[in-house]
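Every chain is numbered from 1, with letters handed out A, B, ... down the list of sequences. Only a predicted model underlies this, so the values are computations on that prediction, with no experimental measurement involved.
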Amino acid sequence: MEYNFRDVEKKWQGFWKENKTYRVFIDHDRPKYYVLDMFPYPSGAGLHVGHPLGYIASDIFSRYKRQKGFNVLHPMGYDAYGLPAEQYAIQTGQHPAVTTEKNIKRYREQLDRIGFSYDWDREVRTCDPSYYKWTQWTFIKLFNHYYNNKTARAEPVSDLAKIFGRSGNVDVDAACGFVPEFTAVEWLKMDEGEKQDVLMHYRLAYLSDTLVNWCPRLGTVLANDEVREGFSVRGGHPVVRKKMKQWFLRITAYAERLLAGLEEIDWSDSLKEIQRNWIGRSEGSTIFFGVKHHQESIEVFTTRPDTVFGATFMVLSPEHELVEKITTEAYRQQVAEYVKVAGSKSDRERMTEVKTVSGQFTGAFAVHPFSGQDIPIYIAEYVLAGYGTGAIMAVPGHDSRDHAFARHFGLPIVQVVSGGDVAEESYDATEGKMMNSGFMDGMEVKEAIRAVIRKLEFKGIGQGKVNFRLRDAIFSRQRYWGEPFPVYYKEGVPYVLPESDLPLELPPVDKYLPTETGEPPLARAKKWQTKDGYPLECNTMPGFAGSSAYYIRYMDAANNNQLVSDEAVSYWQDVDLYVGGSEHATGHLIYARFWNKFLYDIGVVKKEEPFKKLINQGMIQGRSNFVYRVKGTNTFVSLNLKEAYDTMPIHVDVNIVDKDVLDLEAFRKWNPEFSDAEFILEDGKYICGWEIEKMSKSFHNVVNPDDLIEKYGADTLRLYEMFLGPVEQAKPWDTKGIEGVFRFIRKLWRLYHDRGNNVHISEEPASEKELKILHKTIQKVSGDIERFSFNTAVSAFMVCVNELTELQCSKREVLEPLAVMISSFAPHIGEELWHILGHKESVALSSFPDWDEKLVTDDVVVYPVSFNGKTRFKLELPSNSSKEEVERAALSAPEAAKWLQGKDPKKVIVVPGKIVNVVI
RNA sequence: GCGGAUGUGGCGUAAUUGGUAGCCGCGCCAGACUUAGGAUCUGGUGCCGAAAGGCGUGGGGGUUCGAGUCCCUUCAUCCGCACCA
């Protein structure tokens, strides 16, 4: 009889559930530790082996921290709103809540089978009204706040209205859209609609008309991070630009703080860098250029104001508001055409045409603010409407794009910074002395930048400015399966519902499609209006709404009166360890930081950054298998014989392949097309080819954790996932390696049992040798867990068990701490062994062992003795030997003579405890 | 183009501060037990070589008594951003 993992795992999973072993409460006597997993979207396909990788790592860490005396919050929930359920609803007519519920149930079963230590009493689901009540609540707060740049925090819009009544908006420095200056008197004269209109430009959640990423196929608008290369990330449908009225979140107000906060958090460099790029801070200045024969001036943003004397023309984006106004009669038609062509292009087309130079002269001229010269104004696609001011001063001498443009249109190129040959190519570097630049001549670039900004500000024609690439987040989706906005319209003016009306529940609809007039699905709902009959907003919120504060909600998941109680948030504070995929770098992880900062400003949370440390688990790739079909036949040739034939590789289900040998019968049954397949075998076997690719249904390389658990048990699966390699690294899944870990589990079991599988624990004191093995393992495993190096910890356990097996160790003194340590990684067998040792309570409540420093140091050291850096022999010496003793022993060792060849060594290096190197 | 990461046996990987390169596992080879093995156990396994020995961490160069680790350079792969002024 061997270890019966099926019964043991089932038994303890039942025990944990029944005893609520992992339930957690506020406990001021113990330090808190919050370990969070990115909650999953429960898709219909269920989990594959790649998904739980991060969950296993975080579970090990949670269990370890618990045994180290921390009060560990380790919750789980579901990101339950989303497109797939809705698409499915459109196809089948089934309510997305039904599919979602079904998928959640399946996820839960799968998760339970892996033996996680979640406190399920804190589960959240974003589609649950008791949860999204607080998503809506936060939206109302965002609507009712603006961002005060002077205090660098969110403040109530009601305060702002008071300021307007006192002194207009001249002294207000807020993050806002374009608002003309007005006085207190003018403010007081405005009617309600006009006032609301002005305030809307200040709100952190605001309604605005803009060009959006419209996906006709999905029938909705998408955020920038939901679009990749002109296609929707989900589904891969084309995305075009369209002007629409949308809700926005003013995340740009927080750009500076989002950037600064990165300095304080322990995230990977690559992830921080991605966020820095996404925020895209650049320092420079604005400069106004007057337009000849016009009142208007053109504001540009430049990071190189020092090169202003090199500006020989200007370029506006085709969408720039002044284009219409300044274009002369002679050029009107060409300009209109250019604008039209540019506007009709999709983002995708624009991107593929990056290399081609195009543009159109407007006929208008600007006046250079320093030289007074006339410079022509062009429009061109390479200037983006959404960045900076949508207009540039073109400096062909020192900007490669402007250079290409100037050459194409035969415009003058002036060198203003020494270095390089600007006739050939632009000199973009910021090193060199200024020339042809009036008052700046002779200055270094950096000095010149400071000087010119001073001059611009003095003359009132520009000022130093920090610009960001980050855009405000579009918050409306024309979808059904999402949070309804707590918003109604009174004479076309949007107002938020009172908090007491929350949650505003998602209404039933007859179909999940837009209406015939193109309105979102909510417009189909009957009586979608307030008690007073005002129409409610028909858009719903995007996916990131519900995931932006779920980690806060876990702290106090059942609270119906508050998002989170002050007591709970004061105790749990923030997430100590967050584990999840890096694909959320510019989506969830930036929105959540923004959302959290806002909640911090209004006093709901205590920490400005929500996730102290973040670990990105690497993707588990699939290992695909191939069979080779001889073209035009139904005959398949084995891998090593295929060169003799003209073949086509076909993906074959990895589950009917074992160690690259194909199960022929299973293959014939797998697909009717192959039912009469013929094979050309080698050594009587069909050998498949293989390749590493993404784990995907279409490649038939998906490995399901359920099957592995059925065959090897959850503990083996957990250990193997960790054993594969570093958590953060992408690595291929190869099922065959799991056997080794399975053997280890059984070997561990046998340490506690005799040949007849009877429990065999000796109460005798352990030998020093046995204790040394144990304590070295404690030291190694503790260090590895702290460093999130779980793969090396597993291998340390293997070494430990191998060595103890060799000594036939059965001492309680050794086996008990070992059971405790292993229980983080393999909780079921850990729990079973713990109980075999006579304990009644869960091993989760035990303490992680400490190591004894004396037992981890050896009293003899094996010195490798090398000659000229090459190791030649080994020498065992007491660890307290002096340098001289080691040197003498090394040189007088019998093996040394051979390498010394009678010569005297030039130099002998002895590193105590490490190495001896003899130089000859 | 810019930024980030990674290159070590047939495969996944290890080597915490510059100090024995290849731990642990898979695979492979040999053996034991067995009617049998895709079970279990034991031993071997970086490459070349009979051995002595030599070579070896993507390539080239450097620093050092000593380099997988540090520096320069180059190549390859992956990821992110991309006409960002």
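- rG43(B) and rG25(B): their P atoms are spaced 11 Å apart (whole Å).
- Geometric assessment of Arg746(A) against the ring of Phe742(A) yields a positive cation-pi assignment under the 6.0 Å and 45° thresholds.
- In this entry the distance linking CH2 of Trp733(A) with C1' of rC26(B) reads 13 Å, nearest Å.
- Of all nucleotides listed (rC65(B), rA85(B), rC83(B)), rC83(B) comes nearest to the side chain of Tyr382(A).
- A salt bridge is defined here as a Lys NZ or Arg NE, NH1 or NH2 lying under 4.0 Å from an Asp or Glu carboxylate O, and Arg281(A) with Glu256(A) meets this definition.
- Taking the side chain of Lys731(A) as heavy atoms from C-beta on, and the options rG12(B), rC24(B), rA85(B), the nearest nucleotide is rG12(B).
- Here, rC81(B) and rG62(B) have their P atoms 41 Å apart, quoted to the whole Å.
- Judged by Watson-Crick or G-U wobble contacts below 3.5 Å, the nucleotide rG66(B) has no partner.
- Taking only side-chain atoms of Pro726(A), from C-beta outward, the nucleotide of rA14(B), rA85(B), rG19(B) with the closest atom is rA14(B).
- Within the 4.0 angstrom heavy-atom criterion, no nucleotide atom of any strand lies near Asn467(A).
- For the ring-ring contact (aromatic ring centres under 6.0 Å, His included) with Tyr3(A), the lone residue among Tyr712(A), Phe744(A), Trp749(A) that qualifies is Trp749(A).
- Of all the residues in residues 781-788 of chain A, Arg787(A) reach under 4.0 Å from RNA chain B with at least one non-hydrogen atom.
- For Phe723(A), counting side-chain heavy atoms from C-beta on, the closest listed nucleotide (rG19(B), rA85(B), rG12(B)) is rG12(B).
- Contact check on Asp784(A) versus Arg787(A) returns a salt bridge, with a Lys/Arg side-chain nitrogen under 4.0 Å from an Asp/Glu carboxylate oxygen.
- As rounded to the nearest Å, rU42(B) and rG49(B) have C1' atoms that lie 28 Å from one another.
- Taken to the nearest 0.5 Å, the OG1 atom of Thr389(A) stands 10.0 Å off from the CD atom of Glu321(A).
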Next item on the list: Evaluate side-chain contact (heavy atoms from CB on, under 4.5 Å) for Gln275(A) paired with Leu589(A), printing each intermediate quantity in order.
Entry: CA-CA 9 Å; Gln275(A) 290 213 342; Leu589(A) 286 174; 3.6 Å; yes
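- The phosphate of rA85(B) (OP1 or OP2) has no side-chain N or O of Arg469(A) nearer than 4.0 angstrom.
- Of all heavy-atom pairs between Ser358(A) and Tyr338(A), the closest is OG-OH, 2.6 Å.
- OP1 and OP2 of rU16(B) both lie 4.0 Å or more from every side-chain N or O belonging to Ser789(A).
- Here, rU45(B) and rA52(B) have their P atoms 14 Å apart, quoted to the whole Å.
- When the P atom of rA82(B) is taken as reference, atom CG of Asn277(A) falls 9 Å away, rounded to whole Å.
- Heavy atoms from other residues, nucleotides or ligands lying under 6.0 Å from CG of Asp754(A) number more than 12.
- In this structure, the CD1 atom of Ile687(A) is 13 Å from the C1' atom of rG38(B), given to the nearest Å.
- Residue Glu739(A) is out of contact with every strand shown, counting any heavy-atom pair closer than 4.0 Å.
- A distance of about 30 Å separates the P atoms of rC55(B) and rU6(B), rounded to the whole Å.
- The CD atom of Glu721(A) sits 20 Å away from the P atom of rG25(B) (whole-angstrom rounding).
- Among the protein residues, Arg281(A) comes within range of no part of the nucleic acid, since none of its heavy atoms lies under 4.0 Å from any strand.
- Here rA5(B) presents its C1' atom at 18 Å from CH2 of Trp267(A), a figure rounded to the nearest Å.
- Considering only the side chain of Trp278(A), rC81(B) comes nearest among rA85(B), rG19(B), rC81(B).
- Remark: rG37(B) base-pairs with no nucleotide; criterion is Watson-Crick or G-U wobble with both hydrogen-bond distances under 3.5 Å.
- When the nucleotides rC24(B), rG19(B), rA85(B) are ranked by their closest atom to the side chain of Ile392(A), rA85(B) comes out on top.
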Using the 3.5 Å cut-off, write out each protein N or O paired with an N or O of nucleotides 41-43 of chain B and the distance between them.
residue : atom : partner   : partner atom : Å
rC41(B) : OP1  : Arg750(A) : NH2          : 3.2

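- Ranking rG66(B), rG25(B), rG80(B) by closeness to the Asn917(A) side chain, first place goes to rG66(B).
- One can place NZ of Lys776(A) at 16 Å from P of rU16(B), the figure rounded to the nearest angstrom.
- Nucleic acid contact for Leu724(A): sugar-phosphate only, since backbone atoms but no base atoms lie under 4.0 Å from a heavy atom of the residue.
- When the nucleotides rU20(B), rG66(B), rA14(B) are ranked by their closest atom to the side chain of Thr871(A), rU20(B) comes out on top.
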Checking Phe825(A) against Phe790(A) for the side-chain contact (heavy atoms from CB on, under 4.5 Å) test, could you report, in this order, the C-alpha distance in whole Å, the side-chain angles of both residues, the deciding distance, and whether it holds? CA-CA 9 Å; Phe825(A) 291 76; Phe790(A) 302 109; 4.1 Å; yes
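- Looking at heavy-atom distances under 4.0 Å, Arg746(A) makes contact with sugar-phosphate atoms alone, never a base.
- Taking a pair to require two hydrogen-bonding distances under 3.5 Å in either a Watson-Crick or a G-U wobble arrangement, rA21(B) remains unpaired.
- When the C1' atom is compared between rA32(B) and rG37(B), the two are found 14 Å apart, to the nearest whole Å.
- Distances from the side chain of Val919(A) to the nucleotides rC65(B), rC24(B), rU20(B) place rC65(B) closest.
- In summary, Glu263(A) and Lys272(A) do not engage in a salt bridge, as defined by a charged side-chain N under 4.0 Å from a carboxylate O.
- The gap from the C1' atom of rG68(B) to that of rA15(B) amounts to 9 Å, rounded to the nearest Å.
- By the 6.0 Å contact criterion, CD on Glu682(A) is enclosed, its count of non-hydrogen atoms from other residues, nucleotides or ligands being greater than 12.
- Ion pairing between Lys874(A) and Glu876(A) fails under the 4.0 Å rule for side-chain N and carboxylate O.
- Atom-to-atom, CG of Asp428(A) to P of rC2(B) comes out at 11 Å; the value is rounded to the nearest Å.
- Of the two residues near RNA chain B, Ile738(A) and Asp734(A), the one whose nearest nucleotide lies more 5' is Asp734(A).
- An OP1 or OP2 oxygen of rC79(B) is reached within less than 4.0 angstrom by no side-chain nitrogen or oxygen of Asn616(A).
- Taking atom P in both rU57(B) and rC70(B), the straight-line distance is 15 Å, to the nearest Å.
- Between the C1' atom of rC24(B) and the CE atom of Met722(A) lies a distance of 16 Å, rounded to the nearest Å.
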